[in-house]
2 protein chains.
Amino acid sequence: MDHDVLSIGDLARTTDTKVETIRYYERAGLLPAPARTAGNYRAYRAEHLARLSFVRRARDLGFSLDHVRELLRLADQKDQSCAEIDVIARLHLAEVDRKIADLMALGGELRQIVGQCGHGTVAECRIIEALSPN
Amino acid sequence: MDHDVLSIGDLARTTDTKVETIRYYERAGLLPAPARTAGNYRAYRAEHLARLSFVRRARDLGFSLDHVRELLRLADQKDQSCAEIDVIARLHLAEVDRKIADLMALGGELRQIVGQCGHGTVAECRIIEALSPN
DNA sequence: TATGCACCCTATAGCAGCTATAGGGTCAAG
DNA sequence: CTTGACCCTATAGCTGCTATAGGGTGCATA
Ligand SMILES: [Zn+2]
Ligand SMILES: [Zn+2]
Ligand SMILES: [Zn+2]
Ligand SMILES: [Zn+2]
């Protein structure tokens with residue numbers, strides 16, 4: 001492909017994203033549909049690369065696709081207040097903190113149960129006992 | 001329904017599980033298909049209630065359906081060693097610990113990013129900056 | 001006896017966020 | 001002119017449910 005135009009494979013390699021994922025993001029409205037070559041290949045430019053990098057980074061930080069879409073939209077309104085961005089990020093952080101708390105409670109319970117297993121027969125196993133009713 | 005037989009709704013109420021979820025567990029091989037009444041209603045017994053309670057408890061502890069199936073199978077071999085049960089539980093605990101570690105790293109990064117937002121315009125927002133490439 | 005209503009049945013589709021086929025077309029090198 | 005790497009669309013699959021749609025059952029009440 002011509003220089004300053006990237007194929008979907010180029011974009012995939014550069015951003016460490018699977019080709020199918022990029023097409024999926026396009027369908028999902030996270031990436032604009034790029035121009036096409038004569039042979040109907042997607043022809044990306046630097047702006048698409050930047051956009052996809054943004055998406056990848058946001059996904060790595062755990063933002064949902066809905067949040068990413070919102071963040072992309074807001075990021076384009078350069079002269080507006082960033083209050084909404086802040087809200088999304090804080091909400092997401094709260095969500096992460098909540099998940100950590102949930103998992104810590106779970107881990108504690110599991111550790112306790114696992115620690116009681118005396119490695120005998122199933123009939124005596126404290127793990128099974130902990131899972132069984134009454 | 002006759003006493004010592006439970007309808008799916010009874011089971012759902014008793015175990016705080018949705019009716020559809022119980023049917024799903026049956027399809028997924030977690031619960032044995034119960035006998036049917038003349039009107040083709042599922043007719044559960046105490047053993048089914050115990051089984052579903054076990055499943056619920058294991059799910060609450062975060063075990064995957066695959067793990068739960070395995071645990072159910074192993075739990076039935078009362079005179080065998082509980083070593084495999086132990087392995088599954090320890091693997092699962094390790095998985096939970098790993099998720100916690102991942103989320104803590106994520107949370108730290110997010111907290112750092114969110115803490116830098118100066119509440120100005122989008123153009124100056126450190127959150128957007130943190131998400132943008134180069 | 002009829003009607004209403006709560007409950008049950010199956011089958012199928014939908015959710016997130018991809019990933020993996022199947023069944024083709026394009027394009028440059030040898 | 002063929003090989004092989006790449007691209008295209010469409011569709012199905014994954015986990016663990018949940019929510020319809022379109023019926024049938026069973027019991028109480030008018
Ligand atoms: Zn979020
Ligand atoms: Zn044990
Ligand atoms: Zn596990
Ligand atoms: Zn900001």
Side-chain angles (χ1 to χ4, degrees), chain A residues 1-3 5-31 33-44 48 52 54-72 91-92 95-96 99 102 106, chain B residues 1-3 5-31 33-44 48 52 54-72 91-92 95-96 99 102 106:
Chain A
M1 252 175 187
D2 149 17
H3 63 285
V5 165
L6 300 159
S7 73
I8 198 169
D10 296 336
L11 212 58
R13 269 182 298 278
T14 309
T15 61
D16 195 28
T17 307
K18 303 223 158 126
V19 164
E20 294 81 11
T21 304
I22 298 177
R23 288 197 279 247
Y24 169 73
Y25 285 164
E26 181 181 325
R27 281 202 306 282
L30 288 163
L31 295 179
R36 297 292 180 119
T37 66
N40 200 33
Y41 285 18
R42 286 173 179 80
Y44 294 102
H48 295 99
L52 179 53
F54 185 105
V55 171
R56 289 289 297 175
R57 177 95 180 104
R59 291 291 299 129
D60 284 349
L61 286 168
F63 287 99
S64 68
L65 294 191
D66 272 358
H67 280 168
V68 177
R69 245 186 306 263
E70 268 298 280
L71 288 172
L72 282 168
L91 274 178
H92 180 49
E95 207 177 301
V96 169
K99 277 186 193 161
D102 289 353
L106 203 69
Chain B
M1 252 172 191
D2 147 18
H3 63 285
V5 166
L6 300 158
S7 73
I8 197 168
D10 295 335
L11 210 59
R13 269 181 299 279
T14 309
T15 60
D16 195 28
T17 307
K18 303 225 158 123
V19 165
E20 294 81 9
T21 304
I22 299 177
R23 288 197 279 246
Y24 170 72
Y25 284 163
E26 181 181 325
R27 280 201 308 283
L30 288 163
L31 295 179
R36 297 293 182 119
T37 66
N40 200 32
Y41 285 18
R42 286 174 180 79
Y44 294 101
H48 296 99
L52 179 53
F54 185 105
V55 171
R56 290 290 296 175
R57 177 94 180 105
R59 292 290 302 129
D60 284 349
L61 286 169
F63 287 98
S64 68
L65 295 191
D66 271 358
H67 279 168
V68 176
R69 245 185 308 261
E70 268 297 279
L71 289 172
L72 283 167
L91 273 178
H92 180 49
E95 205 178 303
V96 169
K99 276 187 192 161
D102 288 355
L106 203 70

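Per chain, numbering begins at 1; letters A, B, ... match sequence-line order.
Closest contact between the side chain of B:Arg42 and the listed nucleotides D:dT20, C:dT10, C:dT21 involves C:dT10. Nearest to the side chain of B:Thr37, among D:dG26, C:dT19, D:dT9, sits D:dG26. Nearest to the side chain of A:Lys18, among D:dA19, C:dA20, C:dC9, sits C:dA20. Listed candidates were D:dC17, C:dT19, D:dC7. Nearest to the side chain of A:Ile8 is D:dC7. For A:Glu20, taking side-chain heavy atoms from C-beta onward, the closest of the listed nucleotides D:dT18, C:dC8, C:dT21 is C:dT21.
Backbone-only engagement by A:Arg59 is indicated by non-hydrogen atom pairs under 4.0 Å involving sugar-phosphate atoms exclusively.
Rounded to a whole Å, the OH atom of B:Tyr25 is 12 Å from the C1' atom of D:dT18. The distance from atom CZ of A:Arg13 to atom P of D:dA5 is 13 Å, rounded to the nearest whole Å. We find that CZ of B:Arg27 is positioned 12 Å from C1' of C:dA13, with the value rounded to whole Å. Rounded to whole angstrom, the span from the CD atom of A:Glu26 across to the C1' atom of C:dT19 amounts to 17 Å. Rounded to an integer number of Å, the gap from B:Leu30 CG to D:dC17 C1' is 12 Å.
Between the side chain of A:Tyr41 and the base of C:dG25, at least one donor-acceptor pair of N or O atoms lies under 3.5 Å.
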